[in-house]
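I have placed the structure first, in the form of structure tokens, so that the comments after it can refer back to it.
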Number of protein chains: 2
Amino acid sequence: MQQVADHAGVSRATASLIVRGSNLVAERTRKKVLESMKELGYVYDRVAANLRSRNSSTVGLIITEIGNPFFSELLVGVHQELDTKGYTVILGTTFESAEKQDQLLSKMLEYRVGGVIMSPVSGSSPAVIDRLKQWDIPVVLVTKEPANSNSDYVGIDNVLGGKLAVDYLIEKGHRRIAFLGGPSESSARMDRQRGYIRALQQAGLPFDDSLVVTSAATRQGGREALQQVLNQPNPPTAVFCYNDVVAFGVMLGLKEAGLMPGRDLAVVGYDNIEEAAMTSPALTTVMASPILVGTNAANLLHKRIMGNEDHVQRIILKPELVIRESCSM
Amino acid sequence: MQQVADHAGVSRATASLIVRGSNLVAERTRKKVLESMKELGYVYDRVAANLRSRNSSTVGLIITEIGNPFFSELLVGVHQELDTKGYTVILGTTFESAEKQDQLLSKMLEYRVGGVIMSPVSGSSPAVIDRLKQWDIPVVLVTKEPANSNSDYVGIDNVLGGKLAVDYLIEKGHRRIAFLGGPSESSARMDRQRGYIRALQQAGLPFDDSLVVTSAATRQGGREALQQVLNQPNPPTAVFCYNDVVAFGVMLGLKEAGLMPGRDLAVVGYDNIEEAAMTSPALTTVMASPILVGTNAANLLHKRIMGNEDHVQRIILKPELVIRESCSM
DNA sequence: CGCCTGATTTAGATCGATCTAATCTTTGTT
DNA sequence: AACAAAGATTAGATCGATCTAAATCAGGCG
């Protein structure tokens, strides 16, 4: 920058004003300096700039699992939205490990990010988040939140989602409905289960806890959960799955057992990831619009960083049931 | 850091040595300073550190499309590998726009990344990459490369992949085989087409260019390409698709037209993304192991950054055919 | 005890920008 | 013509670390 300034016959300070697009500077000088920059092939050092000005233009995104399309779609939403606002995203994945999550948060601190969007590891305490807040780094939680965390939150009405799914199954005539998959400590899972129970109660159906199985939120988890429930003396006629990925595992497991999803067992998923429309039978599922969660979170974080929001926000998106063929009995 | 140093009764320089894990410092002092850090809640400022020491510990990853599972799996590979080596990934998506790609490269420069892994936009010239090299920033290209770029490259033997797929279809008795989808300028697509043509020639089959259709590398693109080829007077009995996502679109289109993939038209994909095993019928496809591409690229970049590689590397992974049910006629 | 050697520690400059507060130029007013 | 107000520019300190080269310290030896 010194070189540019010298070449254009101005001071460093003036050159600095220009790269920042200040209107304090005369049009003639601006042109002159801009030319010098082009001529010398000057590259702005955003890192040095951030160091001095204390505002970061980078934000951290911490998710629990990158393999799950729900999160990669959420990433798309966040990324798109923040990109247009001029932020740079630095990415971290916890793989559901609290230790990794701590490391990542430390890293975000060390990089002095302007804010963080995170989906906390199931069962993590609000303390980890307070660590960021202590440094005045805004945090927006997505999809899950630790009990009584007092943070901005963007998520999905999981109780409603669970209820929608199970109401539909009941309406279709099912009376033994299982709830399969997902990690037990996850707040999202607990809410979906709450919806499940509420629907049963409302229909006067008994709650049978042998029909509720937790597992990893993966295909493999879904397969295993299905085994447990299928081997019972009185197996269910329908299953509501923690998410679409689990549902895929369940369908895979059914096929392996020579059973036909939709005919021999009704299956409902959750998330409505793109692939849900492509399986056979196409998956009936609760639409959670991960991209929308992402864009909302990004917008909220942006406002927070700008200081345009004063009190804690909670954005709860309403899910909808997408009916396809996996329960057409 | 000044505060920590004062509190521990040492100088800034000593404290700095300690955070960097130097062995020049006495064990007793180290302990003392580490304690002061804990007590004062000190947070290392990696940004400031990078500014002075000129080595970045962040690397850029530029991909063309985040929605495509091929890339999100590649991202997983890169991310995992670089994570363990202590790098931080900053992410960019070009959406196949050369302009966006330029912007992203500028951004990477401004952030003084230590290196870049990128899948260049189809048809981009080597000039954009030279811009980085001029600043001594190592670049590893993945999956596609501009004509005579002289860079490190990790990719898949697409000619072989195309040949494997079409050989198989020919062996199954097909004689009219289409090649559908993908952007025309993409080097990956051109190579797969080359393999397709080679297989036809070897079997003494004629090349009919009305059976080759380009499109966006998306589901929708696949659907559209299918229409074109299906409305012909003499439609094909098998299609080889540019990638799995396109193949999904094709299968969707077939179902919409009341046709059954595998029975009425054989379908082969490319990539072997996770979902390929889950569709119905399960997709026969060429396994390209995006994760492996990612980890290889990450390793190569790491070596380059360390200065452990002297001459240009090209890593070409050999694909394999994964036979499932989508051509079981 | 003084000197040398190797192990520790440190002062001060530096990375590339921004910020503050002051200075230098214009322009407008009476 | 004198002076104030507005407009444009700048010197020098600063952000939080690292680097260089020099200073300090401890132990061993003649």
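The figures here come from the full heavy-atom set of this structure, side chains too, leaving out hydrogens, waters and symmetry mates. Residue numbers begin at 1 in each chain, while the letters A, B, ... track the order of the sequences.
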Please report the distance, rounded to the nearest Å, between [atom1] in [X] and [atom2] in [N].
{"X": "B:Arg12", "N": "D:dA21", "atom1": "CZ", "atom2": "P", "answer": "18 Å"}
{"X": "A:Asp6", "N": "D:dA11", "atom1": "CG", "atom2": "C1'", "answer": "14 Å"}
{"X": "B:Leu17", "N": "C:dA7", "atom1": "CG", "atom2": "P", "answer": "15 Å"}
{"X": "A:Tyr111", "N": "D:dG16", "atom1": "OH", "atom2": "P", "answer": "18 Å"}
{"X": "A:Arg20", "N": "C:dA17", "atom1": "CZ", "atom2": "P", "answer": "11 Å"}
{"X": "B:Glu110", "N": "C:dG16", "atom1": "CD", "atom2": "P", "answer": "15 Å"}
{"X": "A:Gln2", "N": "D:dA11", "atom1": "CD", "atom2": "C1'", "answer": "11 Å"}

Test your reading of the model: is there a side-chain donor-acceptor pair from [X] to the backbone of [Y], 3.5 Å cut-off?
{"X": "A:Ser56", "Y": "A:Arg112", "result": "yes"}
{"X": "B:Ser187", "Y": "B:Glu145", "result": "yes"}
{"X": "B:Asp271", "Y": "B:Ile273", "result": "no"}

**Request:** Under 4.0 Å between any heavy atoms, over every strand shown, what does B:Val43 touch: base, sugar-phosphate, or nothing? Just pick one.
**Result:** sugar-phosphate
**Item:** Test item: A:Ile18 and A:Val10 side chains (from C-beta on) under 4.5 Å apart, heavy atoms
**Value:** no
**Asked** Between A:Thr14 and D:dT9, is there a side-chain N or O to OP1/OP2 distance below 4.0 Å?
**Response** no
**Fill in**
Assign each of B:Arg112 and B:Val10 the nucleotide of DNA chain C bearing its closest heavy atom; nearer the 5' end lies the nucleotide of B:Val10
Between [Y] and [X], is the closest basic N to carboxylate O distance under 4.0 Å?
{"X": "A:Asp45", "Y": "B:Arg54", "result": "yes"}
{"X": "A:Glu96", "Y": "A:Lys144", "result": "yes"}
{"X": "B:Lys303", "Y": "B:Asp152", "result": "no"}

**Prompt:** Out of A:Thr64, A:Ile62, A:Val142, which residue meets the side-chain contact (heavy atoms from CB on, under 4.5 Å) rule with A:Met118?
**Reply:** A:Ile62
**Item:** Proximity to the side chain of A:Tyr42 - top-ranked nucleotide from D:dC19, C:dC15, C:dA17
**Value:** C:dA17
**Asked** Is there a residue in residues 21-34 of chain B whose heavy atoms reach under 4.0 Å of DNA chain C, and which residues are they?
**Response** B:Leu24, B:Val25, B:Ala26, B:Thr29
**B:Glu81 CD to B:Leu292 CG distance, which is reported to the nearest 0.5 Å** = 10.0 Å
**Message:** Below 4.0 angstrom, which residues in residues 44-53 of chain B have at least one non-hydrogen atom near DNA chain D?
**Reply:** B:Tyr44, B:Asp45, B:Ala48, B:Ala49, B:Leu51, B:Arg52, B:Ser53
